[in-house]
Trainee: 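First, the structure itself, so that you have it in front of you.
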Amino acid sequence: MCGIVGYIGSAGKTVNVLVEGLRRLEYRGYDSSGIAILENGHAKVLKSEGKLDNLLKKLSLTSFNGSLGIGHTRWATHGIASERNAHPHVSGGTAVVHNGIIENYQELKDELKKKGYVFNSDTDTEVISHLIEDFLKKGSSFEESVRGTFKLIEGSYAVAIVSEREPDKIIGVRRFSPLILALGENENFIASDIPAVLPYSRKIIFLEDGDVAILERDRFRITDLNGHEVKREIFSINWDPVAVEKGGYKHFMLKEIHEQPHAVLDTIRGRVSEEKGDVYFEDLENVVNGIKRIVAIGCGTSYHSCLVGRYIIENISKVPVELDFASEIRYREPIIDEGTLAIAVSQSGETADTSEALLEMKKRGARTLAITNVPKSKISRESDAVIYTYAGPEIGVASTKAFTTQLIVFYLLSIYLGRYTGRVSDQEGRRFIRDAFRMPQLLEMALKLDQEIKELAMEFYHYRNFLYLGRGINYPIALEGALKLKEVSYIHAEGYAAGEMKHGPIALVDESMPVVIVAPRDGIVYKKILSNLQEIRARRGKVILITSGEEAHELNGQIDRLIKIPDCAYMLSPIIAVVPLQLFAYYIAVYKGTDVDQPRNLAKVVTVE
Ligand code: AGP
């Protein structure tokens with residue numbers, strides 16, 4: 001969850017690379033930050049509680065002139081957010097930044113204390129710097145000390161380390177938490193995530209579990225924990241560095257909401273033949289061949305896309321789909337066999353709960369498929385096949401464009417499965433693909449609601465509770481709308497299946513409870529939702545209705561606000577219906593003055609269980 005960046009190259013560049021890298025990684029964690037730079041062989045450390053700007057203020061009063069350094073932005077696990085607990089942690093002349101959790105830190109700490117080491121923080125990370133120092137004191141080289149240390153450590157980690165003993169190296173080690181190298185000319189980089197280094201290099205190496213990377217200015221080596229060299233492929237990443245900037249928008253969240261037409265188009269393009277009515281995915285045939293059922297898992301927004309995915313796949317390709325929270329499925333006895341296709345959905349591809357659940361299903365015999373946005377991420381590497389969403393980097397902590405691209409992937413996958421099993425005819429295939437290609441334009445139309453939603457948010461931002469209702473394929477959109485509002489505005493919001501309202505939540509409804517109803521027009525579900533509307537009105541609840549269709553205006557007078565979204569194929573309606581809800585959450589947060597892109601207590605990549 002924390003962000004790591006390290007640089008070795010020219011002295012004039014170090015501070016800038018670290019600060020800019022941390023700025024791009026702030027979405028991973030942001031309760032404190034720090035840097036360590038080796039200057040004339042000495043580790044100079046600067047740390048600060050709170051957002052990166054606090055560190056920058058301190059930096060402006062100091063001068064640094066070293067050609068290598070490491071930086072960190074923290075999301076607290078062990079020990080409160082404070083300067084004392086901020087990374088880097090230093091012992092002797094060794095400075096360490098860490099992302100992950102050390103499970104056996106207490107026993108290691110007790111041992112180290114017995115040896116006389118003094119702990120200056122409440123973090124688990126500090127055991128790393130002391131252990132390395134302990135090995136160094138015994139005469140081991142920097143590399144040997146790092147390897148020796150990580151043989152003792154249990155848990156998850158991505159770390160970057162510098163040491164006064166060998167001030168021409170950065171060493172990185174990973175297990176379960178992401179860590180990459182980026183290669184340049186007479187300079188090299190290490191980071192927890194691609195955006196940190198994108199302006200400087202596109203040549204990326206994704207470290208694997210157990211890898212130890214030794215970076216020097218003009219070379220690098222990777223070994224395992226026993227010192228044996230390992231080879232890792234160098235990938236060329238074609239993400240646009242401008243994509244990780246705000247590009248004129250006030251927040252990444254708003255920019256990413258507005259990028260959805262492109263993101264959806266990029267995710268469809270190159271994978272379909274409109275003429276044949278076919279969908280193509282690389283290496284998918286062996287994975288889907290003979291499957292009897294699908295089990296889909298994810299967390300948060302990615303779980304909501306699994307919920308929509310179930311409707312689409314069962315409807316179009318007639319394959320039964322079961323689903324669960326990735327954090328729950330391991331704690332029951334799911335029925336998994338060789339006939340099961342396990343689908344793990346994760347924007348980051350690094351979510352610990354999802355990765356662990358996927359591995360568990362693999363162990364039980366399932367074939368595995370990842371739907372993710374990040375190339376070569378952990379979950380994509382652990383799966384038998386991957387379908388990438390081409391949303392581009394998503395920086396705002398609240399997931400928006402990753403979600404809609406996940407939905408379009410589920411739609412394409414269902415056509416693929418339907419064609420593969422013969423349940424979808426050529427003609428149907430062609431129609432489904434035509435409908436998919438209409439989505440970018442319909443999304444553009446939905447985004448024109450921006451101003452209207454902004455005004456709506458102005459009217460409603462002072463309410464303290466919201467209820468979101470949806471039914472059928474848009475029930476998950478009610479959940480997603482409520483989640484978005486909670487995340488960025490800190491307002492309590494509940495998402496419910498509309499039919500469940502009368503079984504409990506209706507007790508909450510009064511004039512202080514706005515109810516957002518998501519009901520694009522179809523046949524049956526729409527009419528049923530209208531009865532909910534009457535029930536809410538009868539209890540003086542305020543109703544905001546998101547619907548489509550020409551007849552929508554007939555409802556004026558019966559509701560407080562009507563938001564009309566463009567009509568589209570019903571299976572694709574969640575992609576459109578979610579847009580006003582994303583904008584609504586965004587503008588409410590802006591009016592409330594919260595930190596939209598980096599909401600309190602949240603992190604973009606959740607690498608702890
Ligand atoms: C979405 O707005 C949230 N920030 C969160 O629920 C997120 O979707 C969840 O943590 C899963 O992340 P992933 O898609 O990267 O696995």
Side-chain angles (χ1 to χ4, degrees), residues 1 26-30 75 99 176-178 192-195 251-254 256-257 260 263 296-309 323-329 343-359 370-383 386-389 391-407 409-410 468 476-477 479-490 493 495 578-579 581-586 589 594-609:
M1 335 258 281
E26 253 196 314
Y27 65 93
R28 292 186 70 102
Y30 30 78
W75 186 87
N99 170 27
F176 298 153
S177 297
S192 48
D193 209 352
I194 301 167
H251 296 101
F252 279 111
M253 183 177 174
L254 187 62
E256 288 159 3
I257 290 172
Q260 292 180 107
I297 51 158
C299 302
T301 292
S302 292
Y303 173 72
H304 296 158
S305 82
C306 294
L307 281 166
V308 178
L323 44 87
D324 207 342
F325 293 111
S327 55
E328 280 297 321
I329 196 158
I343 301 183
V345 182
S346 171
Q347 181 282 132
S348 61
E350 302 286 346
T351 302
D353 285 320
T354 312
S355 156
E356 290 300 316
L358 185 77
L359 292 177
I371 298 177
T372 181
N373 193 41
V374 179
K376 304 293 160 201
S377 50
K378 188 168 192 284
I379 292 169
S380 68
R381 283 183 276 126
E382 287 164 351
S383 306
V386 193
I387 303 178
Y388 286 110
T389 49
E394 191 180 66
I395 309 292
V397 165
S399 190
T400 52
K401 61 177 179 170
F403 178 65
T404 41
T405 54
Q406 287 165 358
L407 299 190
V409 162
F410 268 120
Y468 283 67
I477 299 305
L479 298 182
E480 177 61 8
L483 178 66
K484 284 287 92 81
L485 189 68
K486 272 186 273 223
E487 276 190 296
V488 297
S489 74
Y490 318 149
V578 77
V579 172
L581 303 186
Q582 294 168 338
L583 288 168
F584 189 56
Y586 170 75
T594 61
D595 192 341
V596 177
D597 284 332
Q598 291 154 14
R600 68 183 181 204
N601 305 338
L602 295 176
K604 184 71 183 162
V605 190
V606 185
T607 50
V608 293
E609 280 179 65

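When a ligand or atom number is given, it counts from 1 through the structure's own listing order.
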Trainee: Spell out, as yes or no, whether a donor-acceptor pair under 3.5 Å connects the side chain of T405 to the backbone of A263.
Mentor: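 No, the answer is negative, given that no donor and acceptor are paired below the 3.5 Å cut-off.
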Trainee: Is there a donor-acceptor contact under 3.5 Å from the side chain of S383 to the main chain of I379?
Mentor: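 Between the backbone of I379 and the side chain of S383 there is a qualifying donor-acceptor contact (under 3.5 Å).
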Trainee: For ligand 1, which atoms, with element, lie under 4.0 Å from some heavy atom of E487?
Mentor: 1 (C), 2 (O), 3 (C), 4 (N)
Trainee: With S399, which of Q347, E394, E256 fulfils side-chain hydrogen bond (donor to acceptor under 3.5 Å, both in side chains)?
Mentor: E394
Trainee: Would you mind running through ligand 1 and noting each atom that sits below 4.0 Å from a heavy atom of A398?
Mentor: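 Those atoms are 2 (O).
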Trainee: Please write down residue, atom name and distance for the protein heavy atom closest to atom 10 (O) of ligand 1.
Mentor: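 Here the closest protein heavy atom is V606 CG2, 4.0 Å.
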Trainee: Of all the atoms in ligand 1, which lie at a distance below 4.0 Å from a heavy atom belonging to G300?
Mentor: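 The list of qualifying atoms is 6 (O).
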Trainee: Can you check whether T354 has an N/O within less than 3.5 Å of an N/O in ligand 1?
Mentor: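 Looking only at distances, the answer is no, because the N/O contact criterion of under 3.5 Å is not met.
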Trainee: Looking only at heavy atoms, is any part of E350 under 4.0 Å from ligand 1, and if so is it the side chain, the backbone, or both, or is it neither?
Mentor: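 No part of E350 is near ligand 1 at this cut-off.
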Trainee: Looking only at heavy atoms of V397, does any of them come nearer than 4.0 Å to an atom of ligand 1?
Mentor: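 Contact present.
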Trainee: Where do S348 and T372 come nearest, in terms of heavy atoms and distance?
Mentor: C-OG1, 3.8 Å
Trainee: Check each atom of ligand 1 against the heavy atoms of S399 and keep those under 4.0 Å away; list them by number with element.
Mentor: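 In order of numbering, the contacting atoms are 1 (C), 2 (O).
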Trainee: Starting from atom 8 (O) of ligand 1, which protein heavy atom do you reach first, and at what distance in Å?
Mentor: T301 N, 3.2 Å
Trainee: So, Y586 versus H251, ring centres under 6.0 angstrom or not?
Mentor: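 Yes, the ring of Y586 comes within the 6.0 Å limit of the ring of H251, centre to centre.
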Trainee: Would you mind running through ligand 1 and noting each atom that sits below 4.0 Å from a heavy atom of K484?
Mentor: 1 (C), 2 (O)
Trainee: Between atom OG of S302 and atom CG of D353, what is the distance when rounded to the nearest 0.5 Å?
Mentor: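 CG of D353 is found 12.0 Å from OG of S302.
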Trainee: Could you work out, with ring-ring contact (aromatic ring centres under 6.0 Å, His included) as the rule, every residue matching Y303, not counting sequence neighbours?
Mentor: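 ring-ring contact (aromatic ring centres under 6.0 Å, His included) list for Y303, sorted by chain: F325.
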Trainee: Tell me the protein heavy atom at minimum distance from atom 13 (P) of ligand 1, and give that distance in Å.
Mentor: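 Atom 13 (P) of ligand 1 sits closest to the protein heavy atom T351 OG1, 3.3 Å.
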Trainee: Using a 4.0 Å cutoff against the non-hydrogen atoms of S302, which atoms of ligand 1 qualify?
Mentor: 8 (O), 13 (P), 14 (O)
Trainee: Tell me if a side-chain donor or acceptor on S489 pairs with a main-chain N or O of K486 at a distance below 3.5 Å.
Mentor: no
